[in-house]
Amino acid sequence: MLCVYRWVLATFPFLVFVVASSGDRSSNFQNCVSACYGDRCYPQTTLSLTLRLTRWTCTDDCKYQCMHMLTDIALHGSSTIHQYYGKWPFWRLFGMQEPASVAFSLWNMYYHIQGWRQLRSRMPSDHPMRPYYLTWAIVSINAWLWSSVFHTRDLPNTEKLDYFSAALVILYALYHTALRLFNQYPTRSCEDGRIQRTPVYLLWSSICTIAYLAHVTYLSILPRFDYTYNMAFNLTVGFTHNLLWLLYSLPASLPLIRRFPCKAKTYRPSYAYKAAAFVALTTAATALELFDFPPWGRIIDAHALWHLSTAPIAKFWYDFLIKDSLDDGWKEPKS
């Protein structure tokens, strides 16, 4: 029997609920899979090396073949194309279920690797935010790696690793953004050179650490993954992160935060608008998820386009972070 299947769109706080899609619920599909299993999988069959390496089973392959057979019939008859187990029918490549999303995830990972390199080479070595930005880059690289693995094969373990990695990126972004905008990062004492950490820093670090561990633990111990909670968590954290950067970009006449430790509250750099542009771009890119459609040529769908659009945004954001770190507002005025 086909079990109830629900799929969450990870790596960003938007969710689509799917409970046993129309395609895999149909009697034609179920009869096809049963016949295929009886003909090919019993008592045993040998799959290609690429399918075995990507952990396809004979039953999985039967579902894949039946899905595309029924999709062919639907296309020839100008009928509705159905989803199967919460996903559109994609042509696989070397065992990859969604090759376009895999490629675009790796493209995002490439930009974060480049961003990490730029941070190391261009950001001052003594800048208080340097270790946090470098860590965020590494966390992002990890997340896009697992995104590519998940889109290669949607399995329970790859799903959790993708979701947990995406949640870590979002939460760590909020963590270092709060440190940056409220000037709560550790500083080095001028007297003895020791690192000084404020009580607010220690409290905020503890809250974020406990929140992430509790998030992962809760989702891991449940008999079923709580997609509703996962969506709410990511949505709340992501919205708060974006809101903080919108505060950064406000005009000088609305100085709600002090952007730099060595400048007045009213100081607003000329590039401050880029923070708002980043929020607008990420929101627009994520809106692609709302326009779900059958994949073009069974290769590219709205989710793949979202991954495609986020890669250049990552480059834009690293450029902004570096420019912000080089601002004179970080330098003590000369006496």
Side-chain angles (χ1 to χ4, degrees), residues 13 111-112 115-116 118-140 169-190 195-208 211 236-285 310 312-335:
Y111 272 116
H112 282 281
W116 177 79
Q118 289 185 26
L119 288 172
R120 289 197 64 189
S121 62
R122 297 178 58 190
M123 199 170 178
S125 59
D126 59 347
H127 196 285
M129 290 305 300
R130 177 185 166 94
Y132 300 97
Y133 290 165
L134 288 172
T135 300
W136 179 75
I138 293 172
V139 167
S140 298
V169 170
I170 299 170
L171 184 57
Y172 195 84
L174 174 61
Y175 169 69
H176 77 65
T177 296
L179 295 181
R180 161 67 187 87
L181 297 184
F182 298 109
N183 302 307
Q184 293 299 322
Y185 37 78
T187 56
R188 189 174 295 277
S189 171
C190 296
I195 299 296
Q196 298 177 327
R197 297 176 176 85
T198 66
V200 173
Y201 168 85
L202 296 174
L203 176 62
W204 178 236
S205 299
S206 299
I207 290 173
C208 289
T236 302
V237 175
F239 176 80
T240 306
H241 168 264
N242 286 352
L243 179 62
L244 290 178
W245 282 111
L246 286 177
L247 295 179
Y248 178 96
S249 63
L250 288 174
S253 57
L254 293 172
L256 298 184
I257 61 171
R258 185 180 180 183
R259 298 176 182 85
F260 295 93
C262 300
K263 290 287 186 179
K265 201 173 182 180
T266 54
Y267 173 69
R268 180 183 185 273
S270 59
Y271 54 83
Y273 72 92
K274 291 186 176 182
F278 167 77
V279 173
L281 288 171
T282 53
T283 303
T310 55
I313 296 175
K315 182 180 186 306
F316 173 87
W317 189 239
Y318 279 108
D319 290 341
F320 167 80
L321 291 178
I322 292 171
K323 194 171 187 65
D324 175 79
S325 69
L326 297 176
D327 194 277
D328 288 340
W330 293 99
K331 301 176 182 177
E332 293 282 353
K334 296 180 179 179
S335 55

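The figures that follow rest on heavy atoms only: side chains count, while hydrogens, waters and symmetry mates do not.
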Next item on the list: Could you pull out the closest heavy-atom pair between Ala137 and Leu119, with the gap in Å?
Entry: CB-CD1, 4.4 Å

Margin query: Can you tell me which residue among His127, Arg130, Met129, His176 is in a side-chain contact (heavy atoms from CB on, under 4.5 Å) with Tyr185?
Written below: Met129

Note to self: Closer than 4.0 angstrom, basic N to acidic O: yes or no for Asp319 and Lys323?
What the structure shows: no

Next item on the list: Would you mind reporting whether Pro269 and Tyr248 have side-chain heavy atoms less than 4.5 Å apart?
Entry: yes

Notebook entry, point to check: Of all heavy-atom pairs between Cys208 and Tyr175, which one has the smallest distance, and what is that distance?
Noted result: SG-CD1, 3.7 Å

Checklist line | Salt bridge flag under 4.0 Å for residues Asp324 and Lys274 | finding: no

Margin query: One pair to check against side-chain hydrogen bond (donor to acceptor under 3.5 Å, both in side chains): Tyr267 and Asp327. What are the steps and the verdict?
Written below: CA-CA 11 Å; Tyr267 173 69; Asp327 194 277; 3.0 Å; yes

Next item on the list: Walk me through it: do Met123 and Ser325 pass the test side-chain contact (heavy atoms from CB on, under 4.5 Å)?
Entry: CA-CA 7 Å; Met123 199 170 178; Ser325 69; 3.6 Å; yes

Next item on the list: Could you tell me the separation between the CG atom of Leu246 and the CG atom of Leu256, rounded to the nearest 0.5 Å?
Entry: 11.5 Å

Margin query: Is the shortest side-chain heavy-atom distance between Tyr132 and Pro186 below 4.5 Å?
Written below: yes

Margin query: I want to check something: taking the side chain as every heavy atom from C-beta on, are Tyr273 and Ser249 in contact at a cut-off of under 4.5 Å?
Written below: no

Notebook entry, point to check: NE2/His112 to CH2/Trp136 distance, rounded to the nearest 0.5 angstrom?
Noted result: 5.0 Å

Notebook entry, point to check: Under 4.5 Å between any side-chain heavy atoms of His241 and Ile170, yes or no?
Noted result: no

Next item on the list: State, yes or no, whether a side-chain contact exists between Gln196 and Thr198 at a heavy-atom distance under 4.5 Å.
Entry: no

Item checked: Cys262 side chain reached by Trp330 side chain, heavy atoms, under 4.5 Å -> no

Notebook entry, point to check: With a 4.5 Å heavy-atom cut-off, do Leu244 and Leu174 have their side chains touching?
Noted result: yes

Check: Do Phe320 and Phe278 have their ring centres less than 6.0 Å from each other?
Finding: no

Check: If you take all heavy atoms of Pro124 and Leu326, which pair is closest and at what distance?
Finding: CD-CD2, 3.7 Å

Check: Nearest 0.5 Å, what's the OH-CG distance between Tyr201 and Asn183?
Finding: 14.5 Å

Checklist line | Pairwise distance CG(Leu171) to OG1(Thr240) - rounded to 0.5 angstrom | finding: 10.5 Å

Notebook entry, point to check: At what distance, to the nearest 0.5 angstrom, does CZ of Phe260 lie from NZ of Lys265?
Noted result: 15.0 Å

Checklist line | Set of residues satisfying ring-ring contact (aromatic ring centres under 6.0 Å, His included) with respect to Phe316, sequence neighbours excluded | finding: none

Note to self: Checking Leu247 against Leu181 for the side-chain contact (heavy atoms from CB on, under 4.5 Å) test, could you report, in this order, the C-alpha distance in whole Å, the side-chain angles of both residues, the deciding distance, and whether it holds?
What the structure shows: CA-CA 9 Å; Leu247 295 179; Leu181 297 184; 5.6 Å; no

Checklist line | Rounded distance [0.5 Å steps], CZ in Arg197 versus CG in Leu202 | finding: 7.5 Å

Margin query: For Ile313 versus Ala285, what's the shortest heavy-atom pair and its separation?
Written below: CD1-CB, 4.0 Å

Checklist line | Check: Gln118 main-chain N/O paired with Ser121 side-chain donor or acceptor under 3.5 Å | finding: yes

Check: Should we count NZ of Lys263 as having more than 12 external heavy atoms under 6.0 Å?
Finding: yes

Next item on the list: Side-chain contact test, heavy atoms from C-beta onward, threshold under 4.5 Å: evaluate it for Thr282 versus Thr310 and give yes or no.
Entry: no

Check: Quick check: does any side chain N or O of Gln184 sit under 3.5 Å from a backbone N or O of Phe182, one acting as donor and the other as acceptor?
Finding: yes

Next item on the list: Would you mind listing every side-chain hydrogen bond (donor to acceptor under 3.5 Å, both in side chains) that reaches into residues 251-261, with sequence neighbours excluded?
Entry: none

Next item on the list: Report yes if the distance between the aromatic ring centroids of Trp245 and Phe239 is under 6.0 Å, otherwise no.
Entry: no

